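Below is one structure, written out as structure tokens, with a few remarks after it.
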Protein chains: 2
Amino acid sequence: MARKRFDDSNCSVARALNEVGDWWSLLVVLHAMYGPRRFVDFQQELGIARNILCDRLSRLVDNQVLKKVEVGEHGSRCEYRLTEKGRDLFPIVVALRQWGDKWNPSPEQAPLDLRDRETGKPIRQIEVQNIDGQPLSVRDVFVKESVPKTKKAV
Amino acid sequence: MARKRFDDSNCSVARALNEVGDWWSLLVVLHAMYGPRRFVDFQQELGIARNILCDRLSRLVDNQVLKKVEVGEHGSRCEYRLTEKGRDLFPIVVALRQWGDKWNPSPEQAPLDLRDRETGKPIRQIEVQNIDGQPLSVRDVFVKESVPKTKKAV
DNA sequence: CAATATGGTTGCTTAAAGAAACCAGATTAG
DNA sequence: CTAATCTGGTTTCTTTAAGCAACCATATTG
């Protein structure tokens with residue numbers, strides 16, 4: 001496959017995709033959001049090949065999205081938990097879910113109904129907002145040119 | 001590689017990832033957000049292999065994320081534009097960008113400064129919110145069980 | 001008419017995904 | 001104490017997709 005890497009890209013979207021931009025990584029993160037997961041949990045819930053799961057888990061741990069925690073009780077057990085960096089993916093996962101529900105609804109299943117634990121009311125549709133909380137579309141936004149940090153004499 | 005498909009998954013995140021969950025598709029969409037793009041534009045801006053670009057473009061068109069528009073002027077030209085479905089990926093792209101900027105900042109480049117065209121002020125950090133616009137973390141949310149649609153007698 | 005631009009397609013090579021078997025350390029059952 | 005089992009992997013092999021470069025067909029420009 002010779003996948004291209006984007007570690008060094010100056011585009012933060014590309015760099016983000018480099019860490020969680022493949023099919024499995026985000027699904028692993030998604031499942032970890034329901035609580036700590038062990039190796040077999042991921043395997044059974046996702047139906048992922050074991051070697052690929054290994055690879056993804058170790059990469060996510062390397063990238064500090066997950067942390068591996070030894071759980072002492074009976075035997076060699078460890079669970080994987082989200083770090084703060086991992087938890088910070090929550091809006092992305094939710095936005096993907098909402099997009100999928102809107103544009104590719106499952107014919108046989110109602111969309112997952114996420115609710116505010118406090119009020120019991122449904123959560124809001126995720127949107128790009130200005131500083132006052134007003135929604136912004138692609139058209140409403142522009143890229144402000146920044147002064148380059150320190151320009152090395154070339 | 002034998003990629004697993006998630007078309008039939010009952011998880012809307014998996015279904016969403018099926019359409020835009022690979023490295024290139026989202027980057028193609030991202031670049032299309034700056035305005036209509038032609039074949040060579042994507043190729044040069046992204047450095048993607050031509051056959052892969054072909055494949056991704058046609059899949060995105062099939063999935064109605066992009067539409068292909070013939071542009072009459074001099075020669076066989078066509079551009080790719082976002083559909084509404086494609087534009088709806090805006091929050092996801094922005095959220096990814098913010099996550100990348102926060103957790104993997106580029107050492108040599110300031111993060112892209114997206115601003116409200118109206119006010120000139122920076123946009124807000126994307127977050128999951130309750131109905132009143134208050135931010136919600138993973139912990140603040142629960143999944144409300146829904147009544148199944150119509151249960152076929154088994 | 002030749003050169004060039006555009007939007008692809010075709011082959012080839014390499015690397016990653018998937019499946020299944022194997023494995024090592026710790027635990028429990030007998 | 002020994003055998004079976006659980007857990008979290010690793011190894012091997014096959015299939016498939018990504019990347020590269022060459023080729024191609026149409027249309028335009030010089």
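Chain letters run A, B, ... following the sequence lines, proteins first, then strands; residues in each count from 1. Computation of the quantities below employed the complete heavy-atom set of this structure, encompassing side-chain atoms and omitting hydrogens, waters and symmetry-equivalent molecules. Remember, it's a predicted structure, so these values are computed and weren't measured experimentally.
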Separation of atom [atom1] in [X] from atom [atom2] in [N], rounded to whole Å:
X       : N      : atom1 : atom2 : result
A/Asn51 : D/dT15 : CG    : P     : 16 Å
A/Arg56 : D/dG9  : CZ    : C1'   : 16 Å
B/Phe42 : C/dT6  : CZ    : P     : 15 Å
B/Leu27 : D/dG19 : CG    : P     : 11 Å
A/Ile52 : C/dA19 : CD1   : C1'   : 10 Å

**Request:** Report yes if at least one side-chain N or O of A/Trp23 is closer than 4.0 Å to OP1 or OP2 of C/dA17; otherwise report no.
**Result:**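 Checking C/dA17 against A/Trp23, no side-chain N or O comes under 4.0 Å of OP1 or OP2.
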**Prompt:** For D/dG9, does either OP1 or OP2 sit under 4.0 Å from a side-chain N or O belonging to A/Lys68?
**Reply:**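 Answer yes for this pair, as a side-chain N or O of A/Lys68 is under 4.0 Å from OP1 or OP2.
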**Prompt:** At what distance, to the nearest 0.5 angstrom, does CG of A/Asp88 lie from CH2 of B/Trp103?
**Reply:**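 Answer for the CG-CH2 pair, A/Asp88 versus B/Trp103, is 5.5 Å.
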**Request:** Could you grab the distance from atom CD of A/Gln98 to atom CD1 of A/Ile126, nearest 0.5 Å is fine?
**Result:**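 These two atoms lie 5.0 Å from each other.
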**Prompt:** Starting at the 5' end of DNA chain D and moving along, which residue's nearest nucleotide shows up first, B/Arg59 or B/Arg50?
**Reply:**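 Its nearest nucleotide lies further toward 5', so the answer is B/Arg59.
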**Request:** For B/Tyr80, answer base if it contacts any base atom (sugar-phosphate contacts may also be present), sugar-phosphate if it contacts only those atoms, and nothing otherwise; contact means non-hydrogen atoms under 4.0 Å.
**Result:**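 The answer is sugar-phosphate, as B/Tyr80 gets under 4.0 Å only of primed atoms, P, OP1 or OP2.
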**Request:** Report which part of the nucleic acid A/Asp55 touches: base, sugar-phosphate, or nothing (heavy-atom distance under 4.0 Å, all strands).
**Result:**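 A/Asp55: no heavy atom of the nucleic acid under 4.0 Å.
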**Request:** With a 4.0 Å heavy-atom cut-off, tell me which residues in residues 32-41 of chain B come close to DNA chain D, sorted by residue number.
**Result:**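 Contacts with DNA chain D under 4.0 Å: none.
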**Request:** Consider the side chain of A/Arg77, meaning its heavy atoms from C-beta on, and name the nucleotide among D/dC6, C/dA19, C/dG8 that approaches it most closely.
**Result:**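 Minimum distance to the A/Arg77 side chain belongs to D/dC6.
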Side chains of residues 59-67 of chain B: which donor-acceptor partners sit under 3.5 Å, not counting sequence neighbours?
residue : atom : partner : partner atom : Å
B/Arg59 : NH2  : B/Asn18 : O            : 3.3
B/Asn63 : ND2  : B/Arg59 : O            : 3.2

**Where B/Trp99 and A/Ala16 come nearest, the two heavy atoms and their spacing** =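 Looking at all heavy atoms of both residues, the closest pair is CE3-CB, 3.7 Å.
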**Asked** Which atom names give the shortest non-hydrogen contact between A/Gly100 and B/Arg15, and what distance separates them?
**Response**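 Heavy-atom minimum between the residues: O-NH2, 4.0 Å.
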